[in-house]
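These notes are about the structure you will find just below.
Just so it is clear, the model here is predicted, and its values are computed rather than measured.
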Amino acid sequence: MMRTHRCGELRLEHVDSQVTLTGWVNRRREHGEHLAFVDIRDHSGVTQCVVDNDVDVRAEYVIKVTGTVVARTGDTINSDLPTGEIELKPCEVEILSIAEPPPFPMDQRADDVDEMIRLKHRYVDLRRARMQKNLRVRSQVNASIRSAMVGQDFVEVETPMLMPSTPEGAREFLVPSRQRPGNFYALPQSPQLYKQLLMVGGLDRYFQIARCLRDEDLRADRQYEFMQLDMEMSFVDVDDVLSAAEVGVLDAAEAVTGVRPDSVERMTWHDAMERFGSDKPDLRFGMELIELTPIFASTEFKAFSTAGSIKCIRVEQGADQYGRNKLDGLTDEAKSFGAKGMVWLKVRSGEAGLEFDSPVAKFLSADEIAAIIATTEATEGDLILVIADEWATTCEVLGELRNRIGRPPVSEGPYKYLWVTDFPLFVGVDATTGRPKPGHHAFCQPHPDDLDKLESDPMSVRAQAYDLVLNGWELGSGSIRIHDPKLQRRVFELLGIDEEEADKRFGFFLEPFKYGAPPHGGFAYGIDRLAAILAGEENIREVIAFPKPQSGMDPLTNAPGAVDDGLLEELGIRLLPPAT
RNA sequence: GGUCCCGUAGUGCAGUCUGGAGUGCACGCCGCCCUGUCAAGGCGGAGGUCGCGAGUUCAAAUCUCGUCGGGACCGCCA
């Protein structure tokens with residue numbers, strides 16, 4: 001080794017020993033002809049070296065320093081620094097690499113730098129304490145999860161990156177085949193198909209820290225490629241999967257934060273929608289939806305009399321915070337989420353007790369006003385936002401408004417883990433075929449209590465499907481799968497997929513189930529998202545070494561780029577002229 | 001495909017509403033000074049296609065239109 005210690009390691013106990021450190025010049029401070037301080041930095045920290053001022057080292061030079069550890073005295077001790085009680089003196093400095101000045105500050109100030117500049121020089125950005133911490137958090141997460149899975153007898157299996165294209169789900173990245181020009185592989189959106197085949201193959205418990213790829217627009221919590229802990233188990237029910245999946249998540253959280261979270265709360269999808277207007281509710285704050293429908297059973301107010309579901313949220317002491325402009329903004333937002341409108345009521349005290357300041361106050365009867373105030377437990381100065389629509393719209397719109405008004409940044413504590421269970425098997429109806437659309441995917445096992453309603457009332461059938469939610473972010477989802485070909489056929493029929501079409505689209509997947517498929521189910525959750533939240537970041541790019549910006553163009557490598565005609569020729573590909 | 005926000009020195013900003021010479025601040029950089037600093041200090045200096053292109057105007061960083069780049073969100077992500 002070129003070094004005897006790392007730059008953040010030395011303490012008083014090392015005094016008098018001769019050491020060698022290697023790292024980058026963090027900062028140099030000159031003090032006249034024969035004195036300068038050079039702070040040498042690596043991922044572990046910084047150590048001050050006392051050198052002669054004729055040593056010409058500058059920011060980010062890579063150096064090797066050999067010297068004696070000496071104790072600092074009096075007010076030269078720096079209590080802000082773990083190594084602040086010692087320094088290296090005298091020192092021999094060897095320059096291993098010179099460096100141009102970094103394109104942005106190496107300290108916290110770079111957090112404000114345009115992210116494109118950080119990404120263009122990611123190799124420099126990665127040297128900063130924040131990125132060092134984040135990548136190490138991520139590594140801890142991976143290690144904890146892997147050992148939690150292995151500890152529960154899960155078998156790690158790598159599944160192919162080159163697989164057939166399947167029309168369902170997200171847009172895929174395609175890979176042209178050289179040996180069969182005109183044909184394409186697809187990169188996996190998830191190892192879903194293979195992991196179920198592993199169950200048929202008797203692996204019993206499978207896991208993989210799997211790279212998944214989806215060619216959909218990027219967001220703060222979405223990249224083209226992302227990592228999932230993917231798992232599948234045989235001979236299990238929902239509880240078995242949730243319990244097994246939890247271990248890795250909680251272990252990872254404990255490893256990073258030092259605190260083991262309480263076991264994960266559970267809530268049905270229906271309750272989540274009723275109470276929070278979201279299938280990924282953020283439980284760090286209240287402001288739950290309040291049911292008002294019965295109050296308006298025979299109302300004169302047209303906007304309410306025709307609505308199937310009327311609910312509200314109460315913003316405590318929000319009346320003054322939300323002026324006309326902000327309320328108009330919220331109304332626009334409510335409309336953009338599908339509501340016909342939004343009613344706001346500011347609670348104030350009048351002659352006969354509490355009353356409403358609102359454009360629609362005159363349409364409400366005294367009984368209705370009293371009932372609203374009683375039901376919401378409103379007090380003077382509160383703001384009440386009411387949505388009246390069909391049940392799903394009412395809930396979803398209020399859920400969005402609730403988040404908009406009350407939700408803290410995802411990375412802020414406390415951490416609230418939640419299992420949302422019993423998702424509906426079908427969501428909505430396909431506009432062209434008139435058939436129900438699968439809520440999760442077509443292979444979810446219906447809830448056993450609802451099996452007899454499959455044909456008679458499909459929209460009310462619950463699936464044995466579940467999501468894991470952390471602070472309002474969906475970490476992952478899973479289900480118990482259909483292992484019985486007869487039940488699978490029933491579901492396909494409901495979806496309007498006949499046997500021939502099922503064979504064509506899913507044949508290679510369904511055929512194996514004829515050969516003895518065990519009952520099985522599984523789960524997958526996003527490691528980028530978990531790592532980001534545990535690292536205190538609001539954007540998964542901060543826990544990815546080389547992420548892509550929203551355009552998908554990598555400013556570091558300039559990918560994607562054009563390729564030589566010869567390569568295309570070999571693949572049997574001819575490009576169309578650019579669209580105008 | 002859509003909505004909103006941003007683009008001025010290596011970096012972060014002010015200036016833009018209300019047009020008047022690239023007017024300015026902080027950090028960084030270069031040089032000099034400085035023997036106890038630690039996001040050192042002092043003095044001096046260099047550094048600009050105001051994203052790009054049109055238009056309006058005597059005059060555009062500033063107003064208008066277009067375009068490119070970035071971000072958040074909606075759609076999309078079974």
>> Classify the ring geometry of A/F513 against A/H520: parallel below 30°, tilted from 30° to 60°, perpendicular beyond 60°.
In response: tilted
> Out of B/U35, B/G75, B/C29, which has the shortest distance to the side chain of A/R222?
Replying inline: B/G75
>> Does the plane of the ring in A/F492 sit parallel, tilted or perpendicular to the ring in A/F506? Use 30° and 60° as the thresholds.
In response: parallel
> Across all strands shown, which nucleotide pairs with B/G66 by Watson-Crick or G-U wobble geometry, both distances under 3.5 Å?
Replying inline: B/C52
> Regarding A/R529 and the six-membered ring of A/F226, is the cationic atom NZ or CZ under 6.0 Å from the ring centre and inside 45° of its axis?
Replying inline: no
>> I want to check one thing: is the phosphate of B/C29, taken as OP1 and OP2, less than 4.0 Å away from some side-chain N or O of A/R58?
In response: no
> Per the atom types in the model, does the base of B/C73 pair as donor or acceptor with the side chain of A/R404 at under 3.5 Å?
Replying inline: no
>> What is the separation between atom OH on A/Y525 and atom P on B/C77, rounded to the nearest whole Å?
In response: 25 Å
>> Using a 6.0 Å cut-off, check whether atom CZ of A/R435 has over 12 heavy atoms from anything other than its own residue.
In response: yes
>> Please classify the nucleic acid contact of A/Q192 as base, sugar-phosphate, or nothing, using heavy-atom distances under 4.0 Å.
In response: base
>> Need the pair for B/G28. Rule: Watson-Crick or G-U wobble, both distances under 3.5 Å, any strand; none if unpaired.
In response: none
>> Of the options B/G12, B/G70, B/A39, whose atoms approach the side-chain atoms of A/D107 most closely?
In response: B/A39
>> Once you apply a heavy-atom cut-off of 4.0 Å, does A/K120 come out as touching a base, just sugar-phosphate, or nothing?
In response: nothing
>> Quick check: any donor-acceptor pair below 3.5 Å linking the side-chain of A/R109 to the base of B/C27?
In response: no
> In terms of side-chain heavy atoms of A/Q550, which of B/A39, B/U37, B/G71 is nearest?
Replying inline: B/G71
>> When both hydrogen-bonding distances must be under 3.5 Å and the geometry is Watson-Crick or G-U wobble, what is B/U35 paired with, if anything?
In response: none
>> Please determine whether any donor N or O and acceptor N or O are separated by less than 3.5 Å between the side chain of A/Q48 and the base of B/U37.
In response: yes
> Any donor-acceptor pair under 3.5 Å joining the side chain of A/R219 to the base of B/G75?
Replying inline: yes
>> Angle between ring planes, A/F37 versus A/H31, binned at 30° and 60°: parallel, tilted or perpendicular?
In response: perpendicular
>> Within the 4.0 Å heavy-atom criterion, would you say A/E60 contacts the bases, only the backbone, or no part of the nucleic acid?
In response: nothing
> When you measure from the side chain of A/L81, which nucleotide among B/A40, B/C38, B/G71 comes out closest?
Replying inline: B/C38
> Does A/F37 stack onto the base of B/U37, taking stacking as ring centres under 5.5 Å apart and planes under 30° apart?
Replying inline: yes
> Is the base of B/U37 touched by the side chain of A/R72 through a donor-acceptor pair closer than 3.5 angstrom?
Replying inline: yes
> For B/C4, which nucleotide in any strand shown is its Watson-Crick or wobble partner with both distances under 3.5 Å?
Replying inline: B/G71
>> Can you say whether a donor on the side chain of A/E100 sits under 3.5 Å from an acceptor on the base of B/G10, or the other way round?
In response: no
> Rounded to the nearest 0.5 Å, how far apart are CE of A/M287 and CZ of A/F276?
Replying inline: 11.5 Å
> Could A/R128 and A/D111 be called an ion pair, given the rule that one side-chain N must be under 4.0 Å from one carboxylate O?
Replying inline: yes
> With both distances under 3.5 angstrom, what nucleotide forms a Watson-Crick or G-U wobble pair with B/A46?
Replying inline: none
>> Let's test this: given Watson-Crick or G-U wobble pairing with both distances under 3.5 Å, identify the partner of B/A9.
In response: none
> Should B/U23 form a Watson-Crick or G-U wobble pair with both distances under 3.5 Å, which nucleotide is its partner?
Replying inline: B/A14
>> As a test of reading the structure: which of B/C29, B/G10, B/G71 is closest to the side chain of A/P103, going by heavy atoms?
In response: B/G10
> Any donor-acceptor pair under 3.5 Å between the side chain of A/D114 and the base of B/G71?
Replying inline: no
> When you match A/D221 and A/G552 each to their closest nucleotide on RNA chain B, which lands nearer the 5' end?
Replying inline: A/G552
> So which nucleotide from B/U35, B/C29, B/U11 ends up closest to the side chain of A/H34?
Replying inline: B/U35
